[in-house]
A.B. asks: 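First the structure, which I've put down as structure tokens, then a few questions once you've had a look.
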Amino acid sequence: MTLKTRFPPSPTGFLHVGGARTALFNWLIARGAGGKFILRIEDTDQARNVPEGTEKIIRDLKWLGLDWDEGPDVGGPHGSYLQSQRLDIYAQHVHKLLEAGWAYHALETPQQLDELRKQAQAQKRTFRYLRPDPLPTAGEAEAARQAGKAVVVRFKCPDESVSVNDEVFGQVEIAADELDDFVIQKADGYPTYHLANVVDDALMGVNFILRGQEFLGQSWRHIVLRRALGYEQPRYAHLPLIMDMQGKKLSKREADIGVYSFRKAGFLPEALVNFIALLGWSPGDNREKFTLAELCELFDVSNIGKSNAKFDRDKLLAFNTAACAAAGPERLLSSFKDYLSLNETPIPADDEGLLCQILAITKGFRTFADIRAKCGVLFESDNTFDYDPKAVKKVLAKNDGAGFAVLAELRRMLARCDWQGEALEACISDYCQTKELPMGKVAQPIRVAVTGRTLSPGIIDTLMILGRDKTLARIDRCLQLPR
RNA sequence: GGCCCCGUCGUCUAGUCAGGUCCAGGACACAGGGUUUUCAACCCUGCAACACGGGUUCAAAUCCCGUCGGGGUCACCA
């Protein structure tokens, strides 16, 4: 049977690393087996949907390198892939369940239920919804609705235990007394997650469901619903959760764990993907660097672990550093341009030749933000960039202004020097030799003079990028600094 | 609190299902050293874990029980 998986986010914000991993694993399962992968937007919570939510999710998934065979943007034979546009389908299913006696109208208000929950808590009891006896009739429900009261539809749970056959956690048994009649249709007529999710998966032919562990204990609802609806059971697998370094659940509200924020911070998507893939999964050996294509080959649900993982940014950084070092020039250029387009920087984003040059001379960078930090000042105005007082003091002013003296002499030599890499190199090292100074005593004063700091690419590369005029202008400005 | 799940270096993990090859391997981080015109990168070395307590066994990280710890879930959110 062809495997069909899906990623069903709700458009309540943006894609974060947890969701990205779930999407990735589902994509990997489908692609690795020649199956299908679909994207479905679960926007049944009118209060929580955010504008652009769907667009942002699509944007972030694409950036990661994922694609889908069916989805809101690409269509497909089972559309719409926006749940808000499938309300009639859910209504039909609810109707069918009502007709068959699998569901009934319930008239309690949210306030009443809250009250009951509070009571239960006060008595240290677990609250469980008690099925009314007798059940409200269709007539009573209609009357209540006419009177403006909230009417929901609840599923009539069978009085027997349900077991989930999970491919990660194994057989998980939920006792009959843990089940209660859950809501399948809200008062606003929208389906709840459980109903819409189950109906869509069945109608869309999804036969492998991999999702976060937070759903494991609720899977019984889906199983029971499918039974009542006469749909086959899919395969289930639940993923352990991703926690922050304090061991707390990654908050969906924290923007800094959003896929987009890593993009904006100058990470490469392949590094994020590689890193995320190793959170809760391992190929079973010591290998840990993979391309998406290699992951497709290797990924297997049986190698998913059971314990939660912490999101270690240091390791991600290391992966990104390695990915940057491994990436080819065109790959780096396009990603770097993307980074620049997302951030305000003084680096001229439209000069590809220059960008390539910057990329080439800034070897060893960890993220594109490093390049900006290192090279940005080269493109600021010659007379407005800041001089770091500490750098000036340490490199130029110390020892009676030895650094300044070196700088003044070098300024004269540089003014006459042919502005080519080799010539500059020769010029500076000649100076070092005649003065019997180590390179550091010479390069550093120049560096501070032309960048204001002790941080820049190699000194020759720095001077080449600046050009003679800017270099001399900056040295002159530096020489004017109060001593 | 009820129920469910999990527990190997600080972190991600290999090894656990089929007990011996594990005085536990790799990677990140960290520490020390090297290279070096800065930062970074790079190279070398080192530090560091089977949660605890009982069993079973000739033998346990691996099997069983208990304890402790962590997480999830108990919505008209998904």
Side-chain angles (χ1 to χ4, degrees), chain A residues 8-10 12 42-45 47-48 106 108-110 113-114 117 120-121 123-128 150-154 164 166 168-170 172-175 177-178 180 182-188 190-194 196-197 211-218 238 240-241 243 245 247-249 252 275 278-289 302 305-319 321-322 324-325 362-366 370 373-374 391 395 428-429 432 438-448 451 453-460 462:
Chain A
S10 54
T12 53
E42 308 218 326
D43 53 348
T44 55
D45 186 349
R48 292 211 315 162
E108 294 82 3
T109 65
L113 292 171
D114 267 355
R117 279 192 197 94
Q121 202 181 11
Q123 297 165 25
K124 295 196 188 289
R125 270 183 16 244
T126 302
F127 171 75
R128 209 145 265 132
V151 178
V152 302
V153 178
R154 283 180 185 267
V164 187
D166 187 277
V168 170
F169 290 99
V172 179
E173 195 88 7
I174 315 292
D177 61 4
E178 291 294 318
D180 67 359
F182 54 96
V183 174
I184 56 176
Q185 187 178 66
K186 310 177 212 175
D188 64 5
Y190 274 61
T192 58
Y193 156 74
H194 302 292
N197 184 272
R211 78 239 289 198
Q213 199 187 357
E214 67 267 32
F215 295 108
L216 178 55
Q218 307 191 66
H238 289 83
L241 272 14
M243 321 299 274
M245 284 307 275
K248 295 293 163 203
K249 195 177 175 183
K252 299 183 181 186
F275 176 70
L278 259 13
L279 254 29
W281 174 83
S282 132
D285 56 26
N286 285 335
R287 244 189 107 189
E288 57 174 16
K289 293 295 163 60
S302 67
K306 296 181 182 178
S307 45
N308 294 342
K310 292 188 177 125
F311 190 81
D312 183 354
R313 286 161 189 278
D314 286 334
K315 185 145 183 171
L316 203 211
L317 231 206
F319 271 56
T321 308
C324 287
T362 324
K363 288 278 181 247
F365 62 91
R366 314 206 70 180
D370 286 352
K374 217 169 186 175
V395 176
I428 292 176
S429 56
C432 288
M439 192 56 144
K441 290 286 181 204
V442 177
Q444 282 300 77
I446 304 178
R447 176 170 283 116
V448 173
T451 67
R453 300 164 304 167
T454 54
L455 180 69
S456 88
I459 197 64
I460 304 298
T462 302

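Throughout, protein chains are lettered first and strands after them, A, B, ... in sequence-line order, and every chain is numbered starting at 1.
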A.B. asks: Taking the same atom, P, in B:U62 and in B:U16, what whole-Å distance lies between them?
C.D. replies: 12 Å

A.B. asks: For the side chain of A:Lys249, counting heavy atoms from C-beta on, which of B:A29, B:A78, B:G72 is nearest?
C.D. replies: B:G72

A.B. asks: If you measure from the P atom in B:C5 to the same atom in B:C47, how many Å do you get, rounded?
C.D. replies: 39 Å

A.B. asks: If you check every side-chain atom of A:Leu279, which of B:C39, B:C12, B:C76 has the closest atom?
C.D. replies: B:C12

A.B. asks: With rounding to the closest Å, how many angstrom separate the C1' atoms on B:C17 and B:A60?
C.D. replies: 15 Å

A.B. asks: Of all the nucleotides listed (B:A75, B:G71, B:U37), which has the minimum atom distance to the side chain of A:Leu241?
C.D. replies: B:G71

A.B. asks: Take A:Asp314 and A:Gln213, find for each the nucleotide of RNA chain B with the closest heavy atom, and name the residue whose nucleotide sits nearer the 5' end.
C.D. replies: A:Gln213

A.B. asks: Does the base of B:A78 carry an N or O that pairs as donor and acceptor with the side chain of A:Gln218 under 3.5 Å?
C.D. replies: yes

A.B. asks: I want to check one thing: is the phosphate of B:G72, taken as OP1 and OP2, less than 4.0 Å away from some side-chain N or O of A:Lys248?
C.D. replies: no

A.B. asks: Determine whether A:Lys306 and A:Pro240 make a side-chain contact, defined as any pair of heavy atoms from C-beta on separated by less than 4.5 Å.
C.D. replies: no

A.B. asks: Would you indicate whether the side-chain heavy atoms of A:Phe311 and A:Met245 approach each other to under 4.5 Å?
C.D. replies: no

A.B. asks: Whole-Å distance between B:G72 P and A:Arg211 CZ?
C.D. replies: 17 Å

A.B. asks: Using a cut-off of less than 4.0 Å, is there contact between a side-chain N or O of A:Lys306 and OP1 or OP2 of B:G71?
C.D. replies: no

A.B. asks: Between B:A27, B:U37, B:C77, which nucleotide has the shortest distance from any of its atoms to the side chain of A:Arg447?
C.D. replies: B:U37

A.B. asks: Report yes if the side chains of A:Lys186 and A:Thr44 come closer than 4.5 Å at any heavy-atom pair, otherwise no.
C.D. replies: yes

A.B. asks: Using the P atom as the reference point in each nucleotide, state the distance between B:G55 and B:A61 in Å, no decimals.
C.D. replies: 15 Å

A.B. asks: Rounding to the closest angstrom, what is the interatomic distance between B:G25 and B:G72 at atom P?
C.D. replies: 32 Å

A.B. asks: Among the candidates B:A78, B:G72, B:U13, find the nucleotide nearest to the side-chain atoms of A:Ala309.
C.D. replies: B:U13

A.B. asks: I'd like the C1' distance from B:C43 over to B:C52, given in whole Å.
C.D. replies: 41 Å

A.B. asks: Mark yes or no for a side-chain to base donor-acceptor pair under 3.5 Å between A:Lys374 and B:C39, with no hydrogen or angle criteria applied.
C.D. replies: yes

A.B. asks: So which one's nearest nucleotide on RNA chain B is more toward 5', A:Thr321 or A:Leu316?
C.D. replies: A:Leu316

A.B. asks: Would you say the base of B:A27 and the side-chain of A:Lys315 have a donor-acceptor pair closer than 3.5 Å?
C.D. replies: yes

A.B. asks: Using the C1' atom as the reference point in each nucleotide, state the distance between B:A75 and B:A18 in Å, no decimals.
C.D. replies: 45 Å

A.B. asks: Looking at B:G25, does its base get a donor-acceptor pair with the side chain of A:Asn286 below 3.5 Å?
C.D. replies: yes

A.B. asks: Quick one, A:Val153 and A:Val183 - any side-chain contact, counting heavy atoms below 4.5 Å?
C.D. replies: no

A.B. asks: Take A:Phe169 and A:His238, measure what ring pair (Phe, Tyr, Trp, His ring centres under 6.0 Å) needs, and give me the verdict at the end.
C.D. replies: CA-CA 7 Å; A:Phe169 290 99; A:His238 289 83; 7.4 Å; no

A.B. asks: Counting only side-chain heavy atoms from C-beta out, which of B:G10, B:A14, B:C6 sits nearest to A:Ser307?
C.D. replies: B:C6

A.B. asks: Mind checking whether A:Glu42 and A:Tyr193 have side chains closer than 4.5 Å, heavy atoms only?
C.D. replies: yes

A.B. asks: What's the gap between B:C58 and B:C65 when it is taken at their C1' atoms, as a whole Å value?
C.D. replies: 23 Å

